Amino acid sequence: MSREEFDDYCRNLTSTTNVIQWGNASVWKVGGKIFAICSHWGVGETQKISFKCSDLSYQVLCELPGITPAPYLARAKWVQIADPDAMSEQDVKDYISTAHNIIAQKLTRKMRAELGLDLLEKS
């Protein structure tokens, strides 16, 4: 998934915002909280996608080749796709959508309602 495809996908999730920061990283947020990043962090010069995941997904994904704990964010259960062939584009989209939901569920009920997120299911 290219950075442009990543940005297009994240842009279409409910109530998201984007900022470019931390060395030209594309940082996507919901309710002001980060759920996915496309950056050059880590080994090599290629763009890498990082996202928040559940505790179980974190354990499983970190065992797969080409997926590592995300630099600076691993303690919060974030992974980074270091090899673009490590996961299908559809799986990346599914995990980004789940990351969006995980972060949205951490927002207050009032904030979720204001952002139109009150209908999201708990994951």
Side-chain angles (χ1 to χ4, degrees):
M1 173 181 280
S2 70
R3 180 171 173 152
E4 293 76 24
E5 292 167 329
F6 168 82
D7 285 340
D8 286 342
Y9 184 75
C10 292
R11 181 178 298 110
N12 288 307
L13 295 172
T14 306
S15 299
T16 60
T17 57
N18 178 247
V19 294
I20 305 301
Q21 60 189 65
W22 303 323
N24 199 33
S26 181
V27 179
W28 283 91
K29 301 178 182 185
V30 58
K33 297 186 182 290
I34 304 168
F35 68 91
I37 301 170
C38 187
S39 70
H40 283 99
W41 302 346
V43 178
E45 290 299 315
T46 61
Q47 293 281 342
K48 297 165 196 72
I49 295 173
S50 302
F51 50 83
K52 171 75 173 154
C53 52
S54 70
D55 291 351
L56 180 58
S57 291
Y58 179 80
Q59 290 175 351
V60 171
L61 291 173
C62 286
E63 297 292 323
L64 299 176
I67 301 177
T68 62
Y72 313 110
L73 298 166
R75 65 182 169 84
K77 306 296 189 236
W78 279 64
V79 296
Q80 181 181 74
I81 303 171
D83 177 353
D85 296 326
M87 188 181 289
S88 73
E89 185 172 319
Q90 186 57 53
D91 285 344
V92 174
K93 288 178 178 180
D94 290 344
Y95 276 107
I96 290 171
S97 180
T98 299
H100 175 269
N101 195 28
I102 289 169
I103 298 302
Q105 290 303 320
K106 293 182 180 202
L107 302 173
T108 64
R109 285 184 185 173
K110 180 181 178 185
M111 169 105 36
R112 286 195 312 265
E114 288 172 0
L115 294 173
L117 299 166
D118 51 346
L119 300 178
L120 291 178
E121 295 179 29
K122 286 203 177 248
S123 54

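Here the structure is a predicted model, which means the values were calculated and not measured.
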S.K.: Please write out which residues are connected to Ile20 in a hydrophobic cluster, directly or through intermediates, given that two of Ile, Leu, Val, Met, Phe, Trp, Tyr count as joined at side-chain heavy-atom separations below 4.5 angstrom.
M.R.: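 In the cluster with Ile20 there is nothing else; it is isolated.
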S.K.: Run the numbers on Leu117 and Leu107 for side-chain contact (heavy atoms from CB on, under 4.5 Å), then give the verdict.
M.R.: CA-CA 9 Å; Leu117 299 166; Leu107 302 173; 3.9 Å; yes
S.K.: Among Val92, Asp91, Leu61, which residue satisfies the side chain to side chain contact (heavy atoms under 4.5 Å, CB included) criterion with Ile81?
M.R.: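 Among the candidates, only Val92 passes.
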S.K.: Check whether His100 reaches the backbone of Phe35 with its side chain - one donor and one acceptor, N or O, closer than 3.5 Å.
M.R.: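 Checking the backbone N and O of Phe35 against the side chain of His100, no donor-acceptor pair under 3.5 Å is found.
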S.K.: If you round to the nearest 0.5 Å, how far is CD of Gln80 from NZ of Lys48?
M.R.: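 Rounded to the nearest 0.5 Å, the NZ-CD separation comes to 6.0 Å.
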S.K.: Kindly give the heavy-atom pair with the smallest separation between Leu115 and Gly31, and that separation in Å.
M.R.: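 So the minimum-distance heavy-atom pair works out to CD1-CA, 3.6 Å.
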S.K.: Which heavy atom of Glu63 sits nearest to which heavy atom of Gln59, and what is that distance?
M.R.: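 Heavy atoms of Glu63 and Gln59 come nearest at CG-O, 3.3 Å.
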S.K.: Considering non-hydrogen atoms only, spot the tightest contact between Lys77 and Asp55 and give its length.
M.R.: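 Smallest interatomic distance, heavy atoms only, reads CG-OD1, 3.4 Å.
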S.K.: Checking side-chain contact (heavy atoms from CB on, under 4.5 Å) for the pair Arg11/Asp8: CA distance, chi angles, key distance, verdict?
M.R.: CA-CA 5 Å; Arg11 181 178 298 110; Asp8 286 342; 2.6 Å; yes
S.K.: Using the rule that two of Ile, Leu, Val, Met, Phe, Trp, Tyr join whenever any of their side-chain heavy atoms come within less than 4.5 Å, decide whether Ile67 and Val60 are in one cluster.
M.R.: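 Hydrophobic grouping puts Ile67 apart from Val60.
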S.K.: Side-chain contact test, heavy atoms from C-beta onward, threshold under 4.5 Å: evaluate it for Trp28 versus Ile96 and give yes or no.
M.R.: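 No. Closest side-chain heavy atoms not under 4.5 Å.
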S.K.: Could you grab the distance from atom OG1 of Thr46 to atom CG of Asp83, nearest 0.5 Å is fine?
M.R.: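 Thr46 atom OG1 to Asp83 atom CG measures 8.5 Å (nearest 0.5 Å).
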S.K.: Does either side chain, that of Gln90 or that of Asp94, offer a donor lying less than 3.5 Å from an acceptor on the other one?
M.R.: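 Asp94 and Gln90 do have a side-chain donor-acceptor pair below 3.5 Å.
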S.K.: For Tyr95, what residues pass the ring-ring contact (aromatic ring centres under 6.0 Å, His included) criterion, not counting sequence neighbours?
M.R.: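 Residues passing ring-ring contact (aromatic ring centres under 6.0 Å, His included) with Tyr95: Phe51.
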S.K.: Could you report the tightest heavy-atom contact between Thr16 and Cys10, atom names first, then the distance?
M.R.: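 Residues Thr16 and Cys10, closest heavy atoms: OG1-O, 3.0 Å.
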S.K.: Taking everything shown except Tyr9 itself, do over 12 heavy atoms lie less than 6.0 Å from its OH?
M.R.: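 For Tyr9, atom OH is crowded (more than 12 foreign heavy atoms under 6.0 Å).
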S.K.: Run the numbers on Val30 and Leu13 for side-chain contact (heavy atoms from CB on, under 4.5 Å), then give the verdict.
M.R.: CA-CA 9 Å; Val30 58; Leu13 295 172; over 6 Å; no
S.K.: Would you call Tyr72 and Trp22 a side-chain contact if the rule is heavy atoms closer than 4.5 Å?
M.R.: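 In short, these two side chains do not touch, never coming nearer than 4.5 Å.
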S.K.: Specify the closest pair of heavy atoms between Arg3 and Ala25, including all atoms of both residues, with the distance to one decimal.
M.R.: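 Where Arg3 meets Ala25 most closely, the heavy atoms are NH2-C, 3.8 Å.
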S.K.: Rounded to the nearest 0.5 Å, what separation is found between the OG atom of Ser26 and the CD atom of Glu4?
M.R.: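 Reported to 0.5 Å precision, the distance equals 9.5 Å.
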S.K.: What closest approach, in Å, do Ile102 and Cys53 show between heavy atoms, and which atom pair accounts for it?
M.R.: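 Minimum heavy-atom contact is CD1-C, 3.8 Å.
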S.K.: Given the rule in the side-chain contact (heavy atoms from CB on, under 4.5 Å) test, do Tyr58 and Val79 qualify, once you have shown the distances and angles that lead to the verdict?
M.R.: CA-CA 7 Å; Tyr58 179 80; Val79 296; 3.6 Å; yes
S.K.: Which value, rounded to the nearest 0.5 Å, describes the distance between Gln47 atom CD and Asn24 atom CG?
M.R.: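 Here the interatomic distance stands at 7.0 Å.
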S.K.: Can you tell me which residue among Met111, Arg112, Lys52 is in a side chain to side chain contact (heavy atoms under 4.5 Å, CB included) with Lys106?
M.R.: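 With Lys106 as partner, side chain to side chain contact (heavy atoms under 4.5 Å, CB included) holds for just one option, Lys52.
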S.K.: Is the side chain of Asn18 donor-acceptor paired with the backbone N or O of Lys29 at a distance under 3.5 Å, no angle test?
M.R.: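 No.
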